[in-house]
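Have a look at the structure below before the remarks.
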Amino acid sequence: MLLKLPQNVCFILDSLESHGYEAFAVGGCVRDMLMGITPHDFDVTTNALPEEVKAIFPHTADTGIKHGTVTVIHDGTPVEITTYRTEGAYTDSRRPDSVEFVSDINHDLARRDFTVNAICYSPKRGLVDPYGGQQDINDRILRAVGDPETRFGEDALRILRLFRFAAKLCFTPEENTLSAALKLSGTLSLVSIERIAAELLKAAVGRNPAAATPLIKSGGLSFIGINDCDDLAGIQNLSNDENLRIFALLYLCGCDAGKTAKQLKLKNSTVNYCADMQSLLHLPLPKDRAQIKSVLKKHD
């Protein structure tokens with residue numbers, strides 16, 4: 001199978017290969033290409049160590065070198081390159097206590113969240129898909145790599161990612177994967193509020209925002225006041241405006257949208273929008289032209 005990679009990514013892969021290393025595009029960019037979607041950014045994985053990557057490319061930044069990630073800037077475009085690795089225990093349910101660099105791409109793919117993201121590709125070596133991610137893409141299924149409870153127990157953010165991908169891609173979580181995510185949804189309180197907000201925003205602007213319903217009904221977000229929800233399916237009929245979508249989600253979950261948006265540390269313009277919309281929806285409907293003009297004078 002041939003996938004079309006952009007020139008700067010091909011240059012990076014070719015440069016690493018010419019120095020005797022393996023290198024692949026990996027994760028979401030490969031998933032999207034297999035779905036016929038043009039990725040917005042690309043990640044690369046390699047058996048070259050970070051210092052070896054830095055020795056090959058003249059323009060780099062140590063964006064996550066502790067975990068094996070170096071950003072290479074080529075033609076003005078940054079691309080993250082991460083050394084194959086395995087991970088130690090996750091005692092805080094968010095980040096590994098340690099990482100170990102390895103030489104086998106299959107060991108690296110084993111640490112990833114979902115089968116559809118545990119795929120890599122290079123023009124020279126082809127597609128590497130040890131967990132059946134391509135078949136799950138074809139079947140539109142989200143399935144954890146390995147044991148779901150282990151995956152979600154390692155990093156609670158993966159629970160939010162499950163529902164975000166379900167909303168964005170219109171995929172259905174596999175039964176055991178969904179069950180484990182809901183069982184462990186209480187650990188979401190360990191995730192930073194900023195990451196929770198980012199995932200909720202992405203779910204809200206997805207093609208199927210109602211995919212987040214099981215998570216909300218599970219009480220996993222009750223610590224920020226999101227306890228239950230009405231039918232979220234109507235959100236997808238709204239214009240794909242980020243402020244409107246996140247307001248609708250919060251409002252349909254029975255929240256004081258402005259207050260919850262502030263708690264989520266959303267940008268000020270979004271907080272103000274949510275507060276204004278909440279107020280407007282509690283105004284009595286104007287009954288004649290004069291009342292309409294009066295409301296428009298107070299609100300844009």
Side-chain angles (χ1 to χ4, degrees), residues 28 31-32 35-40 114 116 136-142 159-175 177-178 181-182 185 188 195-222 224-287 291-292 295-296 298-300:
R31 178 201 68 228
D32 286 352
M35 294 178 65
I37 299 169
T38 301
H40 294 297
F114 307 112
V116 298
D136 282 344
I137 289 171
N138 294 338
D139 294 337
R140 307 188 74 81
I141 288 174
L142 289 168
I159 298 170
L160 283 168
R161 283 168 59 85
L162 174 70
F163 294 98
R164 185 249 289 187
F165 286 132
K168 174 186 175 182
L169 303 173
C170 289
F171 281 18
T172 301
E174 178 269 333
E175 182 180 354
T177 300
L178 177 61
L182 297 179
S185 65
L188 286 174
R195 295 306 299 268
I196 292 171
E199 296 296 325
L200 284 178
L201 281 170
K202 291 173 184 176
V205 299
R207 290 186 290 159
N208 180 28
T213 301
L215 173 63
I216 294 167
K217 286 185 174 294
S218 76
L221 296 175
S222 60
I224 52 174
I226 299 177
N227 295 307
D228 202 352
C229 61
D230 293 326
D231 184 5
L232 301 180
I235 297 176
Q236 68 194 54
N237 299 322
L238 300 173
S239 65
N240 200 21
D241 176 84
E242 185 178 86
N243 287 342
L244 178 60
R245 289 286 190 102
I246 193 64
F247 165 75
L249 187 149
L250 296 177
Y251 184 80
L252 290 171
C253 290
C255 299
D256 179 323
K259 181 178 178 180
T260 304
K262 186 173 184 178
Q263 186 177 356
L264 286 167
K265 299 183 180 179
L266 298 177
K267 56 189 178 183
N268 287 338
S269 59
T270 301
V271 172
N272 293 336
Y273 179 93
C274 288
D276 289 345
M277 287 290 284
Q278 184 95 20
S279 297
L280 285 168
L281 284 175
H282 286 86
L283 289 176
L285 287 175
K287 296 177 181 179
Q291 289 184 8
I292 291 172
V295 172
L296 287 173
K298 296 178 181 178
H299 307 279
D300 62 22

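Side-chain atoms are counted along with the backbone in the values below, which use heavy atoms only and exclude waters and symmetry mates. If you're wondering where the values come from, they're calculated on a predicted model, not measured in any experiment.
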Q.
Could you check whether any side-chain N or O of Arg245 sits under 3.5 Å from a backbone N or O of Gly206, counting only pairs where one atom can act as donor and the other as acceptor?
A. yes

Notebook entry, point to check: Can you check whether Leu169's main-chain N or O pairs, donor with acceptor, with Arg140's side chain at less than 3.5 Å?
Noted result: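 Yes; at least one donor-acceptor contact below 3.5 Å.
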
If you round to the nearest 0.5 Å, how far is [atom2] of [Y] from [atom1] of [X]?
X	Y	atom1	atom2	result
Lys202	Arg161	NZ	CZ	8.0 Å
Leu252	Leu232	CG	CG	6.0 Å
Leu244	Met277	CG	CE	5.5 Å
Cys255	Leu249	SG	CG	8.0 Å
Ser185	Leu221	OG	CG	8.0 Å
Glu174	Asp139	CD	CG	11.5 Å

Subject >> side-chain contact (heavy atoms from CB on, under 4.5 Å) between Phe171 and Asn208, worked out >> reply: CA-CA 9 Å; Phe171 281 18; Asn208 180 28; over 6 Å; no

Q) Should the heavy atoms of other residues, nucleotides or ligands under 6.0 Å from CD of Gln291 be counted, would the total exceed 12? A) yes

**Asked** So with a 6.0 Å cut-off around CG of Leu281, is the heavy-atom count from everything else above 12?
**Response**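 More than 12 within 6.0 Å, yes.
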
Work out which heavy atom in [X] is nearest to a heavy atom in [Y]; give both atom names and the distance.
X	Y	value
Arg31	Ile137	CG-CD1, 3.8 Å
Ala181	Phe163	CB-CE1, 4.2 Å
Ala167	Pro209	CB-CA, 4.2 Å
Leu250	Ala257	CD1-O, 3.8 Å
Ala204	Ile235	O-CG2, 4.0 Å
Leu266	Leu201	CD2-CD1, 3.8 Å

With Leu264 as partner, the option from Val271, Ile224, Thr270 fulfilling side chain to side chain contact (heavy atoms under 4.5 Å, CB included) is Ile224

Next on the checklist: If we check side chain to side chain contact (heavy atoms under 4.5 Å, CB included) with Leu215, which of these qualifies: Ile226, Leu160, Leu178?
Outcome noted: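 The single option meeting the side chain to side chain contact (heavy atoms under 4.5 Å, CB included) with Leu215 is Leu160.
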
Suppose the criterion is salt bridge (charged side-chain N to carboxylate O under 4.0 Å, His left out): which pairs have a residue in residues 251-262, not counting sequence neighbours?
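Passing the test, one end in residues 251-262: no pairs.
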
ask   = For Thr177 and Leu142, what are the C-alpha separation, side-chain angles and deciding distance, and is it a side-chain contact (heavy atoms from CB on, under 4.5 Å)?
value = CA-CA 8 Å; Thr177 300; Leu142 289 168; 5.6 Å; no

* To do: Go through the steps for Asn243 and Phe247 under the test side-chain contact (heavy atoms from CB on, under 4.5 Å), then give the verdict.
  => CA-CA 6 Å; Asn243 287 342; Phe247 165 75; over 6 Å; no

